[in-house]
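Heads up: the structure comes next, in structure tokens.
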Amino acid sequence: MKKLILSILTSIIITTASFALPGFTSYIPDSAGEYVYYLDNSFNRESYIGILGYDAATIQIRYFAPQDDEAMLPSKEIAILMTVDPQADFWNMTGEKIISTILPDTDDTDIVNYLHDLLYEFSARRISEVAVEADNQVVDQDYAQFGGKVAITFDARIPLFNIRTITDEKGSKVFDCVTIGTIKSSTDNTFELFNGVSSAKPEVQKETKKASKSKVCKFEKRSVTLDENWEQKMENFWTLGNDSLITMTALPKVSDNKDLNDLYVQRKLLESSEGSYTDFQNCEIIYTQAKDSYKIVSTSFFPENKSSVYITKILTRNKEGGFDYFSISTYQTAYLKNPLYFDKIVKSYR
């Protein structure tokens, strides 16, 4: 088994290459290469919409539908690269290039028009909201494209238009963020290779680990209780074979505004890394006021080897205003064999 677990070591990088889309200023400035993918339930087949921001003037939007064996439908992809006027106070498209194949005598042209309308509507609705400075800002609006009255949930942690979900009058999500991320370089093809989300958990037989001698592992003022099966690789991280990795570090304060600081850090920790996709729909964030601490639980899927990694991160505010950071990342197959073992490790963190 490849040591793929090592690729998910997370660090917070303060990005200077930030930009603002036309007509509004985001609470968390968007960085070059940030993207978001949505599950779009307005189609009759499983469909996803991805939006990638290169800079204030250049956007890519991509439609993808996986192969549907039951309906005998092949996979479908439509991608458009477009430019907008970054100085305008509204969505003013100045050019476009279709960078995928458009098939004749299909609904491809209709989808292209739909993608145009979607960006125009997202921009107009985000501009009308003026400020999005929270993770759950719900606004009722009329949206003919999605059947009339809808509730739009804005979330500052979502890049670009800050839209997390759109729910129809019946309470069903017609549009739902499934993952966010940042492409790191011109060779990072994580955005264009997205082909849907995997929610199925592997079926494994639970097993109980044999009792081993425990040991307290420390980094600066923090500690976690492990056992002799864990190997220390560096001053601040430990591995359990190829199955699991623990890291402890400190994250600097990125803003004097506490709410902005916390939302920024959450966005960065929830973003997909190269070659993987974080399941944003099912991530869990628990805040403990007494400790001024966040616990973030999420799963990342690695399509290359069809594996998932279960990740728990703990952020505890330190006296400098930043966070002491703990993370344990475990292949889902290993975690499901003995969840109590790994949960006990998380609880031992001090």
Side-chain angles (χ1 to χ4, degrees), residues 1-13 30-41 45-54 60-67 75-79 100 135 155 157-165 173 175-202 244-245 265-285 296-313 327-336:
M1 181 186 293
K2 294 181 180 179
K3 293 187 177 181
L4 188 59
I5 192 73
L6 296 177
S7 71
I8 62 175
L9 277 170
T10 306
S11 62
I12 296 293
I13 299 174
D30 293 312
S31 300
E34 282 192 295
Y35 66 83
V36 54
Y37 264 99
Y38 297 95
L39 176 63
D40 186 344
N41 291 312
R45 61 185 296 188
E46 182 181 351
S47 298
Y48 299 91
I49 304 292
I51 307 171
L52 166 65
Y54 293 100
Q60 183 185 159
I61 186 167
R62 176 176 179 256
Y63 168 86
F64 179 78
Q67 179 176 312
S75 63
K76 181 186 287 288
E77 176 184 18
I78 296 175
S100 60
D135 60 3
D155 185 338
R157 299 170 303 179
I158 307 298
L160 303 171
F161 298 105
N162 304 139
I163 292 174
R164 189 170 85 208
T165 63
K173 290 179 181 178
F175 224 77
D176 194 7
C177 172
V178 294
T179 197
I180 61 176
T182 303
I183 58 172
K184 302 299 183 184
S185 67
S186 59
T187 59
D188 184 347
N189 56 6
T190 308
F191 177 79
E192 56 258 41
L193 290 183
F194 178 86
N195 60 7
V197 294
S198 175
S199 57
K201 289 185 178 181
S244 188
L245 177 146
V265 172
Q266 288 175 36
R267 178 195 280 197
K268 294 303 177 182
L269 289 180
L270 289 170
E271 285 189 328
S272 305
S273 58
E274 185 171 358
S276 69
Y277 303 98
T278 300
D279 180 359
F280 191 89
Q281 284 177 306
N282 297 303
C283 70
E284 182 182 15
I285 300 178
I296 302 173
V297 181
S298 61
T299 303
S300 287
F301 178 64
F302 290 77
E304 183 179 2
N305 63 356
K306 297 181 179 179
S307 65
S308 292
V309 175
Y310 187 80
I311 310 168
T312 299
K313 301 169 184 176
S327 173
I328 178 169
S329 306
T330 309
Y331 277 112
Q332 193 175 57
T333 49
Y335 176 81
L336 292 176

Please determine whether side-chain contact (heavy atoms from CB on, under 4.5 Å) holds for the pair Ile158 and Asp135, giving the CA-CA distance in whole Å, both sets of side-chain angles, and the decisive distance to 0.1 Å. CA-CA 9 Å; Ile158 307 298; Asp135 60 3; over 6 Å; no
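- For the pair Thr312 (side chain) and Val297 (backbone), a donor-acceptor distance under 3.5 Å is absent.
- Residues Val178 and Val197 share a closest heavy-atom pair of CB-CG1, 3.8 Å.
- Here the two rings, on Tyr48 and Tyr37, have centers that are 6.0 Å apart or farther.
- Scanning all heavy atoms of the two residues, the minimum distance from Ser307 to Tyr331 falls at OG-CE2, 3.7 Å.
- The pair Glu34-Lys268 counts as a salt bridge, with a side-chain nitrogen and a carboxylate oxygen less than 4.0 angstrom apart.
- The backbone N or O of Arg157 lies less than 3.5 Å from no partner atom in the side chain of Asn162, so there is not a single donor-acceptor pair.
- The distance from the OH atom of Tyr335 to the OG atom of Ser244 is 11.0 Å, given to the nearest 0.5 Å.
- Using a cutoff of 4.0 Å between basic side-chain nitrogens and carboxylate oxygens, Arg267 and Asp155 are not scored as salt-bridged.
- Within the 3.5 Å criterion, the main-chain N or O of Ile180 finds a donor-acceptor partner in the side chain of Ser272.
- Rounding to the nearest 0.5 Å places CG of Leu193 at 10.0 Å from CD of Glu274.
- A donor-acceptor pair is defined here as one N or O able to donate and one able to accept, closer than 3.5 Å; such a pair exists between the side chain of Asp30 and the backbone of Leu160.
- Under a 3.5 Å cut-off, the side chain of Lys313 and the backbone N or O of Leu269 do form a donor-acceptor pair.
- For Tyr277 and Phe194, the distance between ring centers is under 6.0 angstrom.
- Aromatic rings of Phe191 and Tyr35 (six-membered ring for Trp) have centroids within the 6.0 Å cut-off, being under it.
- With salt bridges taken as basic N to acidic carboxylate O contacts below 4.0 Å, one links Glu77 and Arg62.
- Residues Ala65 and Ser47 share a closest heavy-atom pair of CB-OG, 4.1 Å.
- Atom-to-atom distance recorded for Thr165:OG1 and Phe175:CZ is 11.0 Å, nearest 0.5 angstrom.
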